[in-house]
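This report refers to the structure that appears directly beneath it.
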Amino acid sequence: MNTFSYKYHRNLMLTYNIVSIMTLAGASVITLYSGGINSPFIFVLALIVVAGYVTTKAYGSLYLNLNLLIIVLIYSQSIADFSFVTNVVPEKSKNLFALLSVLFSVYLLGGVFGKNLLHAHHNLYKTKSELEEKILEKETLIKEVHHRVKNNLQTVSSLLSLQSRSISDKEVKNLLKSSQNRVISMAMVHEMLYMREDLSKIEYKSYVQELAEYLVRSIKGTSSNITLDIDIPDVKLNIDTAIPLGLLINETVTNALKYGIVDESKGEIHIRLRKGENNEYELNIGDNGAGFSEELTHKNSKSLGLKLIHNLARQLQGSIIRDLTKRGTYYTIKFREISDQIPSVV
């Protein structure tokens with residue numbers, strides 16, 4: 001009747017629960033009238049708990065508590081004063097009844113639940129393998145995207161370099177060189193993401209070290225008197241934070257090398273990054289060069305680099321303060337890691 005009614009209501013959970021309740025009631029009655037707490041059929045009650053957990057944890061917990069209560073009640077009625085049932089299994093048939101009970105329990109455990117669990121395990125293993133394959137495919141695709149973006153940016157850098165060779169105007173040539181360095185600072189991020197296992201974050205210490213050393217070689221040459229003091233812990237930043245922060249460092253270091261530490265003078269560039277409370281980062285960056293006037297700001301300056309430094313700090317949703325107590329040009333930038341895609345700096 002239960003199976004027949006399923007054709008109308010089409011509720012598999014309802015059908016399952018009706019079967020489970022009927023089985024629980026039937027097994028309890030058979031256990032009571034076949035020896036009570038000593039009945040071999042009592043193990044069928046335990047299998048009903050397994051059936052509950054096969055469906056959901058909630059039903060398994062429900063049937064577990066019901067079974068514990070029923071077993072206590074079965075035990076209590078076995079006491080002479082409270083007994084209200086008798087063992088109806090004939091003495092000569094007790095061994096046969098025990099055999100049939102054990103066979104029935106083993107069949108349910110292995111033939112029904114065992115097959116279901118094995119089938120579920122196989123499906124989970126198959127799904128896990130498919131997911132791992134898709135994740136690997138996605139990671140390969142993302143790596144390829146980073147690799148192509150890096151190649152495209154390097155192509156743009158090469159075109160800017162070729163273009164600058166045919167230009168005699170020193171000012172225009174410097175502008176092209178600055179643009180080339182900005183492109184390379186972005187290309188380095190994608191190159192590091194391509195080379196590392198973690199495709200979402202880059203090790204920022206090695207990135208800043210490579211970027212600063214490249215800028216020194218590019219602007220001052222291989223034999224310069226520039227000392228780099230880079231103090232950055234092992235922190236990882238995502239691409240949305242790494243690129244604007246890298247551009248900000250690029251502009252600051254470039255300004256220091258071009259205008260702060262002039263000609264062949266000795267100089268130091270300091271870059272320090274610390275992570276504070278509430279996931280807030282503090283970047284201290286500066287040089288011991290000539291510096292510039294206090295009256296000159298990003299608002300009244302015509303320098304694109306100075307404007308970019310402040311715009312990039314704003315993109316990082318942070319604040320930037322110039323430390324006027326130190327010699328040269330020093331900035332303190334406070335920001336937090338950006339989780340969403342940031343807008344253009346333009």
Side-chain angles (χ1 to χ4, degrees), residues 1-140:
M1 289 176 63
N2 189 30
T3 305
F4 182 75
S5 62
Y6 171 74
K7 295 181 179 180
Y8 294 93
H9 59 70
R10 293 292 178 182
N11 189 334
L12 188 61
M13 193 60 67
L14 176 62
T15 303
Y16 162 77
N17 281 304
I18 292 173
V19 170
S20 298
I21 292 170
M22 291 171 64
T23 306
L24 182 62
S28 301
V29 171
I30 293 173
T31 302
L32 279 170
Y33 285 92
S34 60
I37 197 68
N38 295 314
S39 171
F41 206 79
I42 200 168
F43 293 105
V44 176
L45 292 172
L47 295 178
I48 296 171
V49 178
V50 178
Y53 277 112
V54 167
T55 310
T56 60
K57 181 181 178 182
Y59 286 117
S61 300
L62 174 64
Y63 290 125
L64 173 61
N65 293 325
L66 281 175
N67 268 289
L68 291 174
L69 177 61
I70 290 170
I71 290 171
V72 171
L73 292 174
I74 290 173
Y75 169 75
S76 64
Q77 71 81 36
S78 65
I79 302 172
D81 295 339
F82 298 98
S83 180
F84 59 90
V85 294
T86 57
N87 188 352
V88 298
V89 179
E91 188 68 28
K92 61 180 181 180
S93 302
K94 283 185 177 180
N95 290 336
L96 178 61
F97 177 78
L99 174 64
L100 294 175
S101 299
V102 171
L103 290 176
F104 183 59
S105 300
V106 171
Y107 170 74
L108 287 178
L109 187 61
V112 180
F113 302 132
K115 285 184 178 180
N116 289 338
L117 289 172
L118 184 63
H119 181 67
H121 179 268
H122 175 73
N123 287 339
L124 285 173
Y125 181 79
K126 183 179 178 182
T127 304
K128 178 176 176 288
S129 300
E130 291 175 352
L131 286 174
E132 287 178 347
E133 186 177 345
K134 287 181 180 179
I135 290 171
L136 181 60
E137 183 181 348
K138 183 180 178 181
E139 288 179 349
T140 304

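Remember, predicted model here, so these are calculated numbers, not experimental data.
Salt bridge status for K134 with E130: absent, with no side-chain N to carboxylate O gap under 4.0 Å.
Taking the six-membered ring where the residue is Trp, Y125 and H121 present parallel rings, their angle staying beneath 30° rather than reaching 60°. In this pair, Y63 and Y16 present their aromatic rings perpendicular. The plane angle is above 60°, beyond the 30 to 60° band.
Y75 and N38 are not linked by any side-chain donor-acceptor pair at a separation below 3.5 angstrom, with hydrogens and angles left out of the test. No side-chain donor from either of N87 and Y33 sits under 3.5 Å from a side-chain acceptor of the other.
Considering CZ of F97 and CZ of F104, their distance stands at 10.5 Å, rounded to 0.5 Å. One finds the CD atom of E133 at 10.0 Å from the CG atom of L131 (value rounded to the nearest 0.5 Å). Taken from OG in S5 to CG in L14, the straight-line distance is 7.0 Å, to the nearest 0.5 Å. The line from CD1 of I21 to CG of L62 is 8.0 Å long, rounded to the nearest 0.5 Å. Taking CG of L24 as the reference point, atom CG of L45 lies at 6.5 Å (rounded to 0.5 Å). Rounded to the nearest 0.5 angstrom, N67 CG and S28 OG are separated by 7.0 Å.
Residue N2 places its CG atom among more than 12 non-hydrogen atoms of other residues, nucleotides or ligands, all under 6.0 Å distant. Heavy atoms from other residues, nucleotides or ligands lying under 6.0 Å from OH of Y6 number more than 12. Within a 6.0 Å radius of CD in E132, more than 12 heavy atoms belonging to other residues, nucleotides or ligands are found.
The shortest non-hydrogen separation linking S34 to P40 is O-CD, 4.5 Å. Counting all heavy atoms, side chain and backbone alike, V49 lies closest to G60 at CG1-O, 4.1 Å. Looking at every heavy atom in both residues, S105 comes nearest to F43 through OG-CB, 4.1 Å.
Considering only heavy atoms from C-beta on, I71 comes within 4.5 Å of I37 through its side chain. For the pair T15 and N11, the minimum side-chain heavy-atom distance is 4.5 Å or more. Side-chain contact between N17 and M13 is present, with heavy atoms from C-beta onward closer than 4.5 Å.
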Tell me, with the steps shown, if S101 and V44 meet side-chain contact (heavy atoms from CB on, under 4.5 Å).
CA-CA 8 Å; S101 299; V44 176; over 6 Å; no
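At least one test fails for R10 against the ring of Y8: distance under 6.0 Å to the centre or angle within 45° of the axis.
Put simply, the side chain of T31 gets close to the backbone of A27: a donor and an acceptor are under 3.5 Å apart. T86 contributes no side-chain N or O that, together with a main-chain N or O of V88, makes up a donor-acceptor pair within less than 3.5 Å. Here the side chain of Q77 pairs a donor or acceptor atom with the backbone of I74 at under 3.5 angstrom.
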